[in-house]
Amino acid sequence: MTHYSRLYAVVIDIPGDDHAKTVTFWEGALGQAIPRVEKYPEFHGAQLQGHDMLLLAQRLGDGQPRVHLDIHTDDLEAEVARLEALGATRLERAGTWQVMRDPSGQVFCVVPDQPGTLDDDNARRWD
């Protein structure tokens, strides 16, 4: 099935006790605010200046700090199936997005984008 996808976000996963100081660090490192995301209060995020990508800082309930990538798509099931055919595996469904693992064990997420957001100018078309 034809659909679009793109790498859209770099997500820093941070244990709860370190979240505030890590957000402050990245605001200083990037020279821009990374405000709390109202819809998802466990996230702070901002579009990177000069880029069409987001940096998100996600507060974890538990777990080790890490970085993961988010792929945005206009057809979640088609993109997940495409990535599975390449060797990825499904881990869990988290709200509207799918958490997956690449063949080397790295975690990443596939996130549905708003209809009409992705097109030939900003994403890869998969036929």
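Among residues two or more places apart in sequence or in another chain, the ring pair (Phe, Tyr, Trp, His ring centres under 6.0 Å) test is passed with Y8 by H72. Among residues two or more places apart in sequence or in another chain, the ring pair (Phe, Tyr, Trp, His ring centres under 6.0 Å) test is passed with Y40 by W97. Annotation: salt bridge (Lys or Arg N to Asp or Glu O under 4.0 Å) contacts of R36 (sequence neighbours excluded): E38. Partners of E79 by side-chain hydrogen bond (donor to acceptor under 3.5 Å, both in side chains), not counting sequence neighbours, listed by chain and number: H3, S5, R82. Not counting sequence neighbours, the partners of D113 by the salt bridge (Lys or Arg N to Asp or Glu O under 4.0 Å) test are R6. With sequence neighbours left out, the side-chain hydrogen bond (donor to acceptor under 3.5 Å, both in side chains) criterion links D120 to Y4. By the ring pair (Phe, Tyr, Trp, His ring centres under 6.0 Å) test, H19 is found to be paired with H44, residues two or more places apart in sequence or in another chain being considered. With sequence neighbours excluded, no residue forms a side-chain contact (heavy atoms from CB on, under 4.5 Å) with D62. Remark: S104 engages D102, Q106 in a side-chain contact (heavy atoms from CB on, under 4.5 Å) (not counting sequence neighbours). Applying the side-chain contact (heavy atoms from CB on, under 4.5 Å) criterion to A85, with sequence neighbours excluded, gives no partner residue. Partners of E77 under the side-chain hydrogen bond (donor to acceptor under 3.5 Å, both in side chains) rule, at least two apart in sequence or in another chain, are R90.
Put simply, the side chain of D70 does not reach to within 4.5 Å of the side chain of F108, judged on heavy atoms. At least one side-chain heavy atom of V110 sits under 4.5 Å from a side-chain heavy atom of T73. Two residues are said to be in side-chain contact when any heavy atoms from C-beta on lie closer than 4.5 Å; L91 and R101 meet this criterion.
Across T22, T24, V23, a single residue satisfies side-chain contact (heavy atoms from CB on, under 4.5 Å) together with W26, and that is T22.
A single hydrophobic cluster is seen to contain both L69 and L55, as judged by linkage of ILVMFWY side chains at heavy-atom distances under 4.5 Å, directly or through other members. The cluster map of Ile, Leu, Val, Met, Phe, Trp and Tyr, joined by side-chain heavy atoms under 4.5 Å apart, puts V11 and F25 in different clusters. By the criterion of side-chain heavy atoms lying less than 4.5 angstrom apart, applied directly or through intervening Ile, Leu, Val, Met, Phe, Trp or Tyr residues, F43 is grouped together with V107 in one hydrophobic cluster. When hydrophobic clusters are built by joining Ile, Leu, Val, Met, Phe, Trp and Tyr residues whose side-chain heavy atoms come closer than 4.5 Å, directly or via intermediates, L54 is not grouped with L118. Following chains of ILVMFWY side-chain contacts shorter than 4.5 Å, one can reach I14 starting from L30, so the two form part of one hydrophobic cluster.
Across every non-hydrogen atom of P103 and L86, the tightest pair is CG-O, 4.2 Å. The two residues A46 and A33 have their closest heavy-atom pair at CB-O, 3.5 Å. For the pair L56 and A9, the tightest heavy-atom approach, listed with the atom from each and the gap, is CD1-CB, 4.2 Å. Counting all heavy atoms, side chain and backbone alike, L76 lies closest to T96 at CD2-O, 3.6 Å.
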Can you list the steps and then say if T89 with E84 is a side chain to side chain contact (heavy atoms under 4.5 Å, CB included)? CA-CA 6 Å; T89 56; E84 284 179 315; over 6 Å; no
Pair M53-V10, side chain to side chain contact (heavy atoms under 4.5 Å, CB included): steps then yes or no: CA-CA 8 Å; M53 288 192 69; V10 175; 3.9 Å; yes
Carefully, step by step, assess H68 and C109 under the rule side chain to side chain contact (heavy atoms under 4.5 Å, CB included). CA-CA 8 Å; H68 79 262; C109 295; 3.6 Å; yes
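Atoms OG1 and CG, on T2 and D74 in that order, are 9.5 Å from each other to the nearest 0.5 Å.
Side-chain N or O atoms of Q98 include none that pairs as donor or acceptor with a backbone N or O of V80 at under 3.5 Å.
Applying the salt bridge (Lys or Arg N to Asp or Glu O under 4.0 Å) definition to pairs two or more places apart or across chains, those involving residues 11-35 are D13-R66, D18-K21.
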